[in-house]
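Residue indices begin at 1 and follow the sequence shown.
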Amino acid sequence: MLKLYEFDDLKLERLTAHLENASQVKVVHEINGVHELSFYYPPDEKSRLIKENALVVCEGQAFRIMRVSSENAKVGQISVKAMHVYNADAAAVHLQNVPDCIGVKPTEVLRLAFSNTPFTLLSDSEIAALGMTSVDSDGFLIDFFSADKTTPYDVMNEVIKNCGKGEIYTDNYKIALVERLGNDNGVRLSLEDNMSNINVERDMSSLITRLYPYGFEDMHIGSVNSSVQYIDSPNIKKYGIREGFKDYSDYRDPADILSRGQWEFDPRNEERIDIPSINITASVIDLSRISGYDFFKLGLGDRVRVIYGDDTYYERVIKTEYYPFEPLEGEVSIGRVKKDLFFYLNQIGAVKKQYNRVSTSNGKVAASAISGIVSADGVKVKDSSGNVTIMTDMLSMSDSSGLRFRCGLSSGSFVFDLYCGSERVLYVSGSELYIKAAGINIKNASLTADSEGHLLVNGNKVG
């Protein structure tokens, strides 16, 4: 039975109502993706309590009501859509900035992002007690570069992208980033036992056997890979040369880029890119609810054996769609990669968010999105070595010691100046070149001057 709580009762201590008349209760849950609850409710004395932002608990998990819709309220049902509190609330916290975190455990970045929120990150021991492993339990480190105007939800996704691995475990407001969800309980799925309407899809449209990995500012791996900028999969003999690239813009060390690229072909990587993706969808009967034995329970992330004709597929449950109170109904997606509409919408959403961060309300590129300062006078770019300023008619360079060089037009006259410290040592005035130096070396000739200003070549007075 569903339970209703007030929007701010995060500890779920003050029950508002039991929603015993809820119907068509459905839960959809996808690895690192959607986790939502939907149901219908008839008009009665409790239906008026069901409002947006309230919390609904289903099978021990809290969902925040995001949408309530109704037609002919006096005689019809209301339709309710709710999101798991992680998906709803972690995306509703504004972070002005998450600073650079170089050479740290992914968990340290997440602690920064989720501090001062209702969420608690589980410790390694707590994760181990659940039969899982933290993504950084082996000392795995990442370089996370500063993120502005973001949310804890987006930071979690960026950390997963940076790691190249990791799955989100949620238990209401307790969260963790683990190596993988689920177990292998030996569950077998087949048409004879508990499945129907099976659809098996094998797709090699995204398969890559020769990968060009790129890092920060298109850094390649040639310097650490025998001058070769690509890596080949062991499956290149099976599928031929199928070229592609991956951008790992958070990586600045060629060795790290190489290691990250090699992971794409690693047999331990369940989303490796050098084999066809497999996606199996089917209607499934939840035998655990009928029999009462957890042995038959199907959990998100579990490895299962799917028997289909003469083929046996040993893959993971990547998405479940089930009816908690109607065990004869439900659907499951099994495979290595997400192939449904939500995945593509999620990718489009990420692109849209990135566009919004670098654009203004009228669709122009925001000046703050450009590395440096843009003004009507020109462009000023600053890095760790110094400044380069391109004015309307003038190019200048400077560092911590001050102005070093400038070249261009000033008041209609050509200017070319070199500085040593604060002193101008070479410049053009009109049609003449002036050099202010203790000496000039031209190949084997040394040009200097004596105390009276006479020119000396290799110490000998000229003229």
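Every residue meeting the side-chain hydrogen bond (donor to acceptor under 3.5 Å, both in side chains) condition with His84, not counting sequence neighbours, appears here in chain and number order: Gln61. Under the ring-ring contact (aromatic ring centres under 6.0 Å, His included) criterion, Phe7 pairs with no residue, sequence neighbours left out.
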Report the C-alpha separation of Leu426 and Asp417 in whole Å, then their side-chain angles, then the decisive distance to 0.1 Å, and conclude whether the side chain to side chain contact (heavy atoms under 4.5 Å, CB included) test is met.
-> CA-CA 6 Å; Leu426 185 148; Asp417 296 334; over 6 Å; no

Could you walk me through whether Phe144 and Val159 pass the side chain to side chain contact (heavy atoms under 4.5 Å, CB included) test, one step at a time?
-> CA-CA 7 Å; Phe144 182 90; Val159 167; 4.2 Å; yes

Given the rule in the side chain to side chain contact (heavy atoms under 4.5 Å, CB included) test, do Val80 and Ser38 qualify, once you have shown the distances and angles that lead to the verdict?
-> CA-CA 5 Å; Val80 181; Ser38 62; over 6 Å; no

Could you check Ile168 against Tyr86 for side chain to side chain contact (heavy atoms under 4.5 Å, CB included), going step by step and ending with a plain yes or no?
-> CA-CA 10 Å; Ile168 306 168; Tyr86 168 74; 3.8 Å; yes

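Listed here is the closest heavy atom pair of Glu167 and Asn32: CA-OD1, 3.3 Å. Taking each heavy atom of Ile275 and Leu207 in turn, the nearest pair found is C-CD1, 3.5 Å. Nearest heavy atoms, Tyr212 versus Gln229: CD2-O, 3.7 Å. Closest of all the heavy-atom pairs between Gly166 and Ile160 is O-CG2, 3.7 Å. Shown here for Cys58 and Val27, the closest heavy-atom pair between the two residues is SG-CG2, 4.0 Å.
Look at Glu321 and Lys26 and you find a salt bridge, because one of the NZ, NE, NH1 or NH2 atoms lies within 4.0 Å of a carboxylate O, short of that distance.
When only modelled atom types and interatomic distance are considered, Glu126 and Ser123 share a side-chain donor-acceptor pair under 3.5 Å. No side-chain donor from either of Asp247 and Ser249 sits under 3.5 Å from a side-chain acceptor of the other.
Rounding to the nearest 0.5 Å gives a distance of 10.0 Å between CG of Leu10 and CG of Asn172. Note: Leu418 CG to Met397 CE = 11.0 Å, rounded to the nearest 0.5 Å. The distance from the CZ atom of Phe145 to the CZ atom of Arg252 is 4.0 Å, given to the nearest 0.5 Å. Taken to the nearest 0.5 Å, the CG atom of Asp232 stands 11.0 Å off from the NZ atom of Lys237. How far CD1 of Ile257 is from CD1 of Ile231: 11.0 Å, rounded to the nearest 0.5 Å. Atom CG of residue Leu177 and atom NZ of residue Lys165 lie 9.5 Å apart, to the nearest 0.5 angstrom.
A salt bridge (charged side-chain N to carboxylate O under 4.0 Å, His left out) check over residues 4-13, counting only residues at least two apart or in different chains, returns the pairs Asp8-Arg14, Asp9-Arg14. For residues 237-282, the set of pairs meeting the ring pair (Phe, Tyr, Trp, His ring centres under 6.0 Å) definition, not counting sequence neighbours, is empty. For residues 88-115, the set of pairs meeting the side chain to side chain donor-acceptor pair (under 3.5 Å) definition, not counting sequence neighbours, comprises Arg64-Asp89, Asp89-Tyr173, Asn97-Ser146, Asn97-Asp148, Thr107-Asp136. Screening residues 253-267 for salt bridge (charged side-chain N to carboxylate O under 4.0 Å, His left out), with sequence neighbours left out, gives Arg260-Glu264, Asp266-Arg268.
When ring centroids are compared, His35 and Phe63 come within the 6.0 Å threshold.
Across Leu112, Thr150, Val93, a single residue satisfies side chain to side chain contact (heavy atoms under 4.5 Å, CB included) together with Val155, and that is Thr150.
Ile31 has its side chain within reach of Leu300: a pair of non-hydrogen atoms, C-beta onward, lies under 4.5 Å apart. Between Val56 and Ile65, some side-chain heavy-atom pair lies under the 4.5 Å cut-off.
Under the 6.0 Å distance and 45° angle rule, Arg404 does not count as a cation-pi partner of Tyr419.
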